[in-house]
*Asks:* 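My structure is below; once you've seen it, I'll send some questions.
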Amino acid sequence: MVDTAPVHSTNTPKADAAGDPAAGTPAGGTDTDVRIDVDLLAEHLLGRWAEDRRASRRLALDPAMHKIEGMPYADARARTLDQLRVLVDAGAIQRPYPEEFGGSSNHGGNLAAFEELTTADPSMQIKAGVQWGLFGSAVHHLGTERNHREFLPGIVSFEVPGCFAMTETGHGSDVQSIATRATYDPETQEFEIHTPFRGAWKDYIGNAALHGRAAVVFAKLVTQGVDHGVHAFYVPLRDADGAFLPGVGGEDDGYKGGLNGIDNGRLHFDHVRVPRTNLLNRYGDVAEDGTYSSPIASPGRRFFTMLGTLVQGRVSLDGAAVVAQKIGLEIALTYAAQRRQFPTGDGTEGVLLDYGRHQRRLIPRLATVFAQSFAHEKLLRTFDDVFSGREDTPQRREDLETQAAAFKSMSTWSALDTLQECREACGGAGFLAENRLTGLRADLDVYVTFEGDNTVLLQLVGKRLLTDFRAKAPKDPASTAKFVAAQAATRLADATGIRRIGQAVADRGSLAASVTDLQDAKTQRDLLAGRVDTMVTEIGLRLASAGKDRARGALLLNRSQHELIEAAKAHAELMQWDAFTEAIDEVPPGDTRRVLVWLRDLFALGLLEQHLDWYLMHGRITVQRARAVSAYIDRLVARVRPVIPQLLESFGYEPGHVRAPIALGEEQARQDEARAWFAAEAAAGRLPEQEKKPRP
């Protein structure tokens, strides 16, 4: 899985003697001569569902959809509820549903549009996700025609605000171990939903505190004395006046660290009865007499198939995290290009973005967002292929689940890092709520545990890597011996520095030669893929040493968890690099492609710099090349700096999406006023002499 992708041909152009051999600047020109085709790049970033994104962005310009910072959370909840009604009236939520329910079975376009709502108000976006992406999708994908006819009309129209009641206080990511039970009574043909103790309460549930009138509740299905595992049930919660129905209870989660427009709460059930037909029965059904049946015989495979149908939550969070980072970087980079601080060599104050350290803190993160954006587009296409039915195969679904877990983890962590760096890069102005960076970060904080804790999700990715490793490993003794010998030879090469010797000979002590090789796409991919392969192989061989001893195998796996998660991260980074490179291949030669290659190189070298210790310890690069990595990153960020305005323009966001005064002319006006005042005072001779005059 980690070594089968093709090597692409988008190498950075190598300059002749008149250019810059280390930087790749074309002869006869400078980096400031580069002109991006903004419209071309903007379309490339919008992807296959460009029109759906544009429609959502137009809707997000409505001031009624915008978050009001500092609003009391009770008022924020009421405002968010009203915003969802606007979405319904605008026809913004029906895309994924069948035509008979007002939809167009447009799965990819639905998520693409949904992600763009992050620019307006993350609370509104997530509350909409609870209603139609979780509650509605659970009925749609886990139910059959009988469930669709009965429940979907009210869900789609928003006449029935709902909840997705899976998580329990005592069991977060471990859904298989939840304690809520649904016991079938054949005499009444009803299921009895019951939470037997406090830890079994459904917790952190969106819409549960106030607005939810029904819920899809996940519970262990018990019939004829047999536990058939987790299934989903449609359970009414409140009457038309908002009061809990008999047997249903709950609490308000109250004020949270972010997303306070959502009424998160807890739910509990005291022997609540629902009709047999309220079981969402696509993957498991119970007959009137209590007989259980399922098209999937294996309980484990049935469980993971059911959860797999709900993967769109992870896909959409990945896209939303990318959108939030784009907004944050547009604010911080625009401010940095206007804010002046500290005298430069000519006596004038320089803009922040001309300082090397400021470039280093923001521009590599911009490159990462481009990588994540292209990777997300690839994920969206996989998602649409599966959910449209065009390529709904077990292999394709497994690929989708792996990609979604990997990309969601990396982008949501990256969002917190990027938004915090943007906040700090804007100083005190970044701490003001009106400039949105603190609010965005607070709202995005929970994304790292939404739809699966990132660490747990990466364990799923790691286990997929180990499964692929075992599938590649030979089974017969002779082939196994050769395989082990080959791995031993690899470790010997790492230890003895054979690779470093070859690099040293090729580089001949020249930093420019080291940089030239690091610019090569094949070199980059070999280094990134080699790290994944080595890490997975080391863990795989260690686990294989346990043989059939399951207890020892479990112990070794537990001891390898940290390494396995690091391997999963490395695999995610490799997939992002592949997606970036594939996207570049779709752009015609010219300045736009050249700049994208710079950004791709910056992303790749940033990963190498981040993991230099690993590459040095494993003998994959020389010390000289390690120095070249950082040196070339410095060159790249300086080269990208002049085209920052064009790159930000390619995001396609309007002032109504950005809504941060420091990025919409306020800072530029202050700077212009200050410079005009000093110029006028100097011209009029009113400036006092300085105590220490500059040397002539």
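Predicted model only: the values in this text are computed from it and were never measured.
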*Asks:* With salt bridge (charged side-chain N to carboxylate O under 4.0 Å, His left out) as the rule and sequence neighbours excluded, what pairs involving residues 369-380 come up?
*Replies:* Glu377-Arg381, Lys378-Glu582

*Asks:* For Arg57, give me all partners under salt bridge (charged side-chain N to carboxylate O under 4.0 Å, His left out), at least two apart in sequence or on another chain.
*Replies:* Glu116

*Asks:* Any pair with a residue in residues 296-320 that passes salt bridge (charged side-chain N to carboxylate O under 4.0 Å, His left out), sequence neighbours left out, goes on the list, sorted by first then second residue, please.
*Replies:* none

*Asks:* Do any pairs count as a salt bridge (charged side-chain N to carboxylate O under 4.0 Å, His left out) and have a residue in residues 541-550, sequence neighbours left out, and if so which ones?
*Replies:*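 Salt bridge (charged side-chain N to carboxylate O under 4.0 Å, His left out) check on residues 541-550 returns Arg542-Glu563.
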
*Asks:* Among residues at least two apart in sequence or on other chains, which ones pass side-chain hydrogen bond (donor to acceptor under 3.5 Å, both in side chains) with Asp52?
*Replies:* Arg95, Asn106

*Asks:* Please tell me whether Ser409 and Lys569 have a donor and an acceptor in their side chains that are separated by less than 3.5 angstrom.
*Replies:*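 No, Lys569 and Ser409 have no side-chain donor paired with an acceptor closer than 3.5 Å.
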
*Asks:* In chain order, what residues pass the side-chain contact (heavy atoms from CB on, under 4.5 Å) check against Pro153, with sequence neighbours excluded?
*Replies:* Phe101

*Asks:* Do His148 and Tyr97 pair up side chain to side chain, a donor and an acceptor below 3.5 Å, judged on atom types alone?
*Replies:* no

*Asks:* Identify, with sequence neighbours excluded, every residue that meets ring-ring contact (aromatic ring centres under 6.0 Å, His included) alongside His376.
*Replies:* none

*Asks:* Assess the side chains of Thr180 and Glu168: does a donor N or O sit below 3.5 Å from an acceptor N or O?
*Replies:* yes

*Asks:* List in chain and number order the residues that pass side-chain contact (heavy atoms from CB on, under 4.5 Å) with Ala554, two or more places apart in sequence or in another chain; answer none if no residue qualifies.
*Replies:* none

*Asks:* Only counting residues at least two apart or in another chain, list the ones meeting side-chain contact (heavy atoms from CB on, under 4.5 Å) with Ala182.
*Replies:* Phe191, Ile193, Ala219, Phe233

*Asks:* State yes or no: are the ring centers of Phe114 and Trp132 separated by less than 6.0 Å?
*Replies:*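 Ring centroids of Phe114 and Trp132 are no less than 6.0 Å from each other.
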
*Asks:* Taking only residues two or more places apart in sequence, or in another chain, which ones meet Leu40 in a side-chain contact (heavy atoms from CB on, under 4.5 Å)?
*Replies:* Asp37, Val587, Pro588, Thr592

*Asks:* Please find the pair of heavy atoms, one from Val130 and one from Gly206, that lie closest to each other, and give the distance.
*Replies:* CG1-O, 3.7 Å

*Asks:* Decide salt bridge (charged side-chain N to carboxylate O under 4.0 Å, His left out) for Arg397 and Asp385; before the verdict, give the C-alpha distance in whole Å, the side-chain angles of both, and the deciding distance to 0.1 Å.
*Replies:* CA-CA 9 Å; Arg397 277 190 175 268; Asp385 286 344; over 6 Å; no

*Asks:* Go through it in stages, so that I can follow the logic: the residues are Arg396 and Asp392, the test is salt bridge (charged side-chain N to carboxylate O under 4.0 Å, His left out), and I'd like the CA-CA distance, side-chain angles, deciding distance and then a yes or no.
*Replies:* CA-CA 6 Å; Arg396 195 66 167 155; Asp392 189 3; over 6 Å; no

*Asks:* Could you give all pairs that pass the ring-ring contact (aromatic ring centres under 6.0 Å, His included) test and reach residues 300-324, with sequence neighbours left out?
*Replies:*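 Pairs touching residues 300-324 that pass the test: none.
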
*Asks:* Below 6.0 angstrom between ring centroids: does that apply to Tyr283 and His231?
*Replies:* no

*Asks:* For residues 130-148, pull every pair meeting salt bridge (charged side-chain N to carboxylate O under 4.0 Å, His left out), keeping only residues two or more places apart or in separate chains.
*Replies:*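 Checked against salt bridge (charged side-chain N to carboxylate O under 4.0 Å, His left out) - neighbours excluded - the pairs reaching residues 130-148 are Glu145-Arg149, Arg146-Asp285.
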
